[in-house]
Trainee: 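Okay, here's the structure, questions in a sec.
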Amino acid sequence: LFPYTTLFRSEPSEAEKEDQLREEKIAIAEVAAAMVQEGETVLLDAGSTTLQIAKLLKARRDIAVITNALNVAAELASGEVEITLIGGSLRTNTLSLVGPVAENTLASLYVDRLFLAANGVDLKRGLTTPNLLEAHTKKTMVKSAREVIVVVDHTKFGRVTVSQFCEIGEIHFFITDTGAPADFVSALEERGVRVILADGRHRGG
């Protein structure tokens, strides 16, 4: 149904990603931010879409946010929200903190919701990223969360990169934009994933 064609090894910089599909990412972020309830602790992964979520959450005083992304933490710092920035080795390309120090910190945490980014989404191979260290850190994030919410734009569908960090069965919600292929969305729903389109139309029942 969704043939595997190309293995993507390259990864754009965070600045490059932020400029791509900005309107779609803002729409996804609006849906994601609306899910966060009073008193919750949320974990924001590194990524251009999660940065948009941070912009919407930073004025809130009733939640706590944990992140491994320098730019996300800097955005939150200009607001009222309680922030925890985990340690780790810095990947300058994505501004994310990864590796053993990050994973040890994450392993001791438990959060209500994880907003998770990905470079590729494939029904068979799950969520992938080009960097092995980043993948391992993301795996630890998934284990730390009560609810895993993937936030990606439609260009990530059908892509596979080097390292898997999350299987489709580990995902609770999938927030994407209306450009997502309808057959792919239906296939996710058949596997028990609740899909929300960025225009607010709920596809998952």
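Keep in mind it's a predicted model, so treat the numbers as computed, not measured.
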Trainee: So Thr67 and Leu43, do their side chains get closer than 4.5 Å, heavy atoms only?
Mentor: no

Trainee: Which atom pair, heavy atoms only, marks the closest approach of Gln37 to Met35?
Mentor: NE2-O, 3.2 Å

Trainee: Looking at every heavy atom in both Ala46 and Ser96, which two are closest together, and how far apart are they?
Mentor: CB-CB, 3.5 Å

Trainee: Taking side chain as C-beta onward, heavy atoms only, is Ile171 less than 4.5 Å from Ile168?
Mentor: yes

Trainee: Quick one, Val162 with Thr129, criterion side-chain contact (heavy atoms from CB on, under 4.5 Å). Give me CA distance, side-chain angles, the key distance, then yes/no.
Mentor: CA-CA 6 Å; Val162 175; Thr129 185; over 6 Å; no

Trainee: Could you verify whether a donor N or O on one side chain and an acceptor N or O on the other, from Asp45 and Thr50, lie under 3.5 Å apart?
Mentor: no

Trainee: Under the criterion side-chain contact (heavy atoms from CB on, under 4.5 Å), I'd like the reasoning laid out for Phe165 against His136: C-alpha separation, chi angles, the key distance, then a yes or no.
Mentor: CA-CA 7 Å; Phe165 60 86; His136 209 276; over 6 Å; no

Trainee: Testing the basics here: between Leu123 and Ala187, what is the closest heavy-atom pair and its distance to 0.1 Å?
Mentor: CD1-CB, 3.5 Å

Trainee: Apply salt bridge (Lys or Arg N to Asp or Glu O under 4.0 Å) to residues Glu170 and Lys139 and explain how you reach the verdict.
Mentor: CA-CA 10 Å; Glu170 297 178 284; Lys139 283 182 181 180; over 6 Å; no

Trainee: Could you go through Arg194 and Glu189, starting from their C-alpha distance and side-chain angles, then the distance that decides it, and tell me whether this counts as salt bridge (Lys or Arg N to Asp or Glu O under 4.0 Å)?
Mentor: CA-CA 6 Å; Arg194 299 181 68 183; Glu189 293 171 347; over 6 Å; no

Trainee: So, for Leu133 and Gly99, which heavy atoms are closest and what is the spacing to 0.1 Å?
Mentor: CD2-CA, 4.3 Å

Trainee: So do the side chains of Pro130 and Asn119 get within less than 4.5 Å of each other, counting heavy atoms only?
Mentor: yes

Trainee: Which residues pass the side chain to side chain donor-acceptor pair (under 3.5 Å) test with Glu75, sequence neighbours left out?
Mentor: Lys58

Trainee: Could you measure the distance from the OG1 atom of Thr178 to the CG atom of Asp153? Nearest 0.5 Å is fine.
Mentor: 11.5 Å

Trainee: Got a donor-acceptor contact below 3.5 angstrom from the Thr128 side chain to the Thr161 backbone?
Mentor: yes

Trainee: Would you check if Ile149 and Leu114 make a side-chain contact, meaning some heavy-atom pair closer than 4.5 Å?
Mentor: no

Trainee: With a 4.5 Å heavy-atom cut-off, do Ile63 and Val65 have their side chains touching?
Mentor: yes

Trainee: I would like to know whether Val150 and Phe115 meet side-chain contact (heavy atoms from CB on, under 4.5 Å); could you show each step before the answer?
Mentor: CA-CA 6 Å; Val150 177; Phe115 293 101; over 6 Å; no

Trainee: Among Ile196, Leu116, Val152, Val151, whose side chain to side chain contact (heavy atoms under 4.5 Å, CB included) with Phe174 holds?
Mentor: Val152

Trainee: Looking only at non-hydrogen atoms, find the nearest pair between Arg159 and Thr155 and report the distance.
Mentor: CD-O, 2.9 Å

Trainee: To the nearest 0.5 Å, how far apart are OG in Ser163 and CG in Leu132?
Mentor: 5.0 Å

Trainee: Per the side chain to side chain contact (heavy atoms under 4.5 Å, CB included) rule, which among Asn68, Val72, Ile83, Thr49 passes with Leu44?
Mentor: Val72

Trainee: Give, for atom CD of Glu134 and atom CG of Asn93, the distance between the pair rounded to the nearest 0.5 Å.
Mentor: 9.0 Å

Trainee: What's the separation between atom CG in Leu127 and atom NZ in Lys156, rounded to the nearest 0.5 Å?
Mentor: 11.5 Å

Trainee: Can you name the one residue among Thr92, Leu90, Thr94 that meets side chain to side chain contact (heavy atoms under 4.5 Å, CB included) with Leu70?
Mentor: Leu90

Trainee: In terms of side-chain heavy atoms, does Glu103 have a donor or acceptor partner in Thr137 at a distance below 3.5 Å?
Mentor: yes

Trainee: Is Asp62 salt-bridged to Arg60, going by a charged N under 4.0 Å from an acidic O?
Mentor: yes

Trainee: Would you call Glu147 and Asp112 a side-chain contact if the rule is heavy atoms closer than 4.5 Å?
Mentor: no

Trainee: Phe157 versus Thr176: any side-chain heavy-atom pair under 4.5 Å?
Mentor: yes

Trainee: Under the salt bridge (Lys or Arg N to Asp or Glu O under 4.0 Å) rule, collect the residues that match up with Asp177, sequence neighbours excluded.
Mentor: none

Trainee: Is there a continuous path of hydrophobic side-chain contacts, each under 4.5 Å between heavy atoms, that joins Ile66 to Val98?
Mentor: no

Trainee: Whether the Glu24 and His154 side chains hold a donor-acceptor pair (N or O, under 3.5 Å, no angle test) is what I'd like checked.
Mentor: no

Trainee: Please check: side-chain N/O of His172 versus main-chain N/O of Val148, any donor-acceptor pairing under 3.5 Å?
Mentor: yes

Trainee: State, to 0.1 Å, how close Leu57 and Ala33 come at their nearest heavy-atom pair, and which atoms those are.
Mentor: CD2-CB, 3.9 Å

Trainee: Could you tell me whether the side chains of Ser48 and Lys25 share a donor-acceptor contact shorter than 3.5 Å?
Mentor: yes

Trainee: Given the rule in the side-chain contact (heavy atoms from CB on, under 4.5 Å) test, do Leu106 and Ile86 qualify, once you have shown the distances and angles that lead to the verdict?
Mentor: CA-CA 8 Å; Leu106 289 165; Ile86 68 170; 3.9 Å; yes

